[in-house]
Amino acid sequence: MAYDKFTILKSTAVPLPIENVDTDQIIPARFLKATKREGFGDNLFRDWRYNNDNTPKKDFVLNNPIYSGKILVGGKNFGSGSSREHAAWAVYDYGFRCVVSSFFADIFKNNSINVGILPVQVSPQFLHKIFTAIEKDPKAELEVNLPDQTITLVATGEKESFDINGYKKHNLMNGFDDIDYLQSMKGEIKSFAESRAF
Amino acid sequence: MDVVNTSKFIKMNNKPSTLFDKVWDSHVVRKIEDGPDVFFIDRHFIHEVTSPVAFLGLESRGLKVIYPERTFATADHNTPTINQHLPVVDALSAKQLKALEENSKKYGISHWGLGNPKNGIVHVVGPENGITLPGMTIVCGDSHTSTHGAFGAIAFGIGTSEVEMVLSSQCIMQPKPLKMRINVNGKLGKGVTPKDVILYIIAKISASGATGYFVEYAGDVFEKMTMEGRMTVCNMSIEMGARGGMIAPDETTFNYIKGREKAPKGADWDKQLAYWKTLKTDAGATFDKEYTYDAADIEPMITFGTNPGMGIGISKLIPTAKEVSDGAATYEKSLNYMGFAENEKMIGKKVDYVFVGSCTNGRIEDFRAFASIIKGRKKAEHVTAWIVPGSHIVRKQIQDEGILDILTAAGFQLREPGCSACLAMNDDKIPAGKYAVSTSNRNFEGRQGPGARTLLASPLVAAAAAVTGYVTDPRDLI
């Protein structure tokens, strides 16, 4: 999929200090019926965000105008459960370009990178610092620097580095995806396939 | 496709290797420095929900399906479980089902849609038709693809971008996971099923404790288990964060596969069997993490919270926030959602719905277990029960074995196959606030319908709840 290149992102952030946020919460199954990938942002966190009568739940963070930004900060084990890429589409479609947590579920992490969202895994201590900073000042900014692989609390300059493999980093910084790469090595794949027994 | 080139699989050195390494390493097309492996996929399953956008992607790039014979389509996620012979009422579901049918036809992919006698849940129909074989790599846009690991395959769920990769190149880009072995030894007690074994393991390891790992299940409990039981165990590997779980193939595996429609036959069978027999972890091979449990410590399990790691032995009390690893706020949110409190007993809690089915417990053995308890009893009046076979083949077995008669006599109806109330994409939704004992795999908030409260358990615990109307220890009814 084509997505915007990712280099440096400086933004306020939306805090969601809940652990084990599973992909059924990010986008409930009943909203998976589309045959296109656009529009999932409207139902991001649907059942936490809206009452049964579709009125917004006032206490949910996405309905609180104090918080905004392109960075979502979640508790540990973010994105667990179902492999639905719709969860990553919903996060992207809503306007987030980066998700920060102390721990990500594997499939969500893969899916995120594949759609152009940068998952940034920080230490539990740094995550705590981020939550505290946003709690104190909802307009507190974070700077995520992909080339340097660092995340910084802008107000205090406190910084941590994060891991990402060189291949995926290159893809995100250039807006490339895996399909381009795989297409470029089709000959090699075909000879491998011919050697397979089944 | 029929010739087995065994030289490719036999390691030339004598270094001990794990089952996982043997299968993984033989599927790496290219290793990328500081990046993932280009990983070859033998079998690819698709369904109506996670494939349409992948096909759109192919079209927009002008790509073809590289090996249509390696992909298999079945409709399951949003199909109705009654009146399948009638047109699907929900317009969006109907559109997805139509897209699957048309895309399959356009690209020459085998399609078992609604009404096809082979139709059913993707992770039930793959194995029962002999598509799933030892030593294979298998993916599907569904996290419970881990089920197929029961055959000694590397099988895991992928996202839609990866579905597009497999369709167009038969490969995905995967970093090799770490290795974990989980041993369970000893003898399981009365009323303790494979579902209880895996719920026990997840409760011990937590819903995220195996993230980053691929699991091998070993020990005499798994060696003695049937293929249906092994599938139940491997199915829920993802619920502790693992991409997948696998069990070394043995005589039980080979006997299950032999004679199934798409299984190898004749000389081809002999050749593949010889290879399959090499698929085990060598003595002295090492794992990044290893856990060992005693079968005697496991009792029938039930969950009380909103992730599959929140399970306890059915006779135990709901733990306090201090006893669990999650933060207190998260734990409190979860218990509030369930309407439960610390230190409460699970036994005796009122049950409104019972769901038997899903890719976890929708196979014949699960319905035999359920029937063993309801036989000669009646469904509790206040309980609504949805009994949903995993496939039409399972449904026919239920009829042929006389289980349907037992169900009918006890006041239960048998529905048509599909994912059903496991994820409630169709009309099988548990109403808000109601309690469902469910043989499925996830008790997340709203998973079985907005506001629904799920108690995950085995078919025996489901049967005990269905006839008493309350959470009941099945050992009292056996």
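Just the heavy atoms: all of them, side chains too, but no hydrogens, waters or symmetry mates, feed the values below. Every chain is numbered from 1, with letters handed out A, B, ... down the list of sequences.
Heavy-atom distances place the side chain of A/Phe103, and not its backbone, under 4.5 Å from chain B. Contact annotation for A/Asp106: both backbone and side-chain heavy atoms come within less than 4.5 Å of a heavy atom of chain B. Of the two parts of A/Gln25, only the side chain, counted from C-beta on, holds a non-hydrogen atom closer than 4.5 Å to a non-hydrogen atom of chain B. Only the side chain of B/Asp90 comes within contact range of chain A, with at least one heavy atom under 4.5 Å from a heavy atom of that chain. Only the side chain of B/Thr330 has a heavy atom closer than 4.5 Å to any heavy atom of chain A. Only the side chain of A/Gln183 has a heavy atom closer than 4.5 Å to any heavy atom of chain B. Interface residue B/Val38: only side-chain heavy atoms are found under 4.5 Å from chain A. Using a 4.5 Å cut-off between heavy atoms, B/Asn307 contacts chain A through its side chain alone, with no backbone atom that close. Contacts between B/Arg447 and chain A at a heavy-atom distance below 4.5 Å involve backbone atoms as well as side-chain atoms. Within the 4.5 angstrom heavy-atom criterion, atoms from both the backbone and the side chain of A/Lys36 approach chain B. Looking at A/Tyr181, only its side chain comes within 4.5 Å of chain B, counting heavy atoms on both sides. Contact of B/Glu48 with chain A is not made at all, since no heavy-atom distance falls under 4.5 Å. With a 4.5 Å cut-off on non-hydrogen atoms, B/Ile66 touches chain A through its side chain but not through its backbone. The part of B/Leu56 that comes within reach of chain A is its side chain, from C-beta onward, which places non-hydrogen atoms under 4.5 angstrom from that chain. At a 4.5 Å heavy-atom cutoff, B/Val166 makes no contact with chain A through either its backbone or its side chain.
Ranking A/Thr23, A/Asp22, A/Asn110, A/Asn52 against chain B, the residue ahead of the rest is A/Asp22, based on heavy-atom pairs under 4.5 Å. Listed options B/Val53, B/Thr50, B/Asp142, B/Leu92 were ranked by heavy-atom pairs under 4.5 angstrom with chain A; first place goes to B/Val53. Listed options A/Glu188, A/Lys109, A/Arg84 were ranked by heavy-atom pairs under 4.5 angstrom with chain B; first place goes to A/Glu188. Top candidate by heavy-atom pairs under 4.5 Å with chain B, chosen from A/Ala87, A/Ala105, A/Ser82, is A/Ser82. Options A/Lys76, A/Arg46, A/Glu85 differ in how many heavy-atom pairs under 4.5 Å they form with chain B, and the most are formed by A/Glu85. Ranking B/Gln96, B/Glu33, B/Gln170 against chain A, the residue ahead of the rest is B/Gln96, based on heavy-atom pairs under 4.5 Å. Considering only heavy-atom pairs separated by less than 4.5 Å from chain B, the leading option among A/Ala34, A/Ser80, A/Ser191 is A/Ala34. Heavy-atom pairs under 4.5 Å with chain B peak, among A/Glu194, A/Glu19, A/Arg30, A/Lys186, at A/Glu19.
B/Arg43 forms no cation-pi arrangement with B/Phe45, by the criterion of a distance under 6.0 Å to the ring centre and an angle within 45° of the ring axis. With a 6.0 Å cutoff to the six-membered ring centre and a 45° limit on the axis angle, B/Arg70 counts as a cation-pi contact of B/Tyr67.
Aromatic ring orientation, A/His86 versus A/Trp89: tilted (interplanar angle from 30° to 60°). A tilted orientation is assigned to the rings of B/His27 and B/Phe39, their planes being inclined by 30° to 60°. Relative ring orientation between A/Phe45 and A/Phe78 is described as perpendicular, the plane-to-plane angle rising above 60° on a 0-90° scale split at 30° and 60°.
Remark: A/Asn51 CG is packed, more than 12 non-hydrogen atoms of other residues, nucleotides or ligands lying under 6.0 Å away. Under a cut-off of 6.0 angstrom, the local environment of NZ in A/Lys139 is crowded, with over 12 non-hydrogen atoms contributed by other residues, nucleotides or ligands. Heavy atoms from other residues, nucleotides or ligands lying under 6.0 Å from NZ of A/Lys70 number 12 at most.
Judged purely by atom type and a 3.5 angstrom limit, A/Asn111 uses its side chain to pair as donor or acceptor with the backbone of A/Ser83.
Contact annotation: the side chain of A/Phe31 never approaches that of A/Leu44 to less than 4.5 Å [non-hydrogen atoms, C-beta and beyond].
For residues 146-173 of chain A, heavy-atom neighbours of chain B at less than 4.5 Å comprise A/Asn165, A/Gly166, A/Tyr167, sorted by residue number.
Checked against a 6.0 Å centroid threshold, the rings of B/His144 and B/His123 do not count as neighbours.
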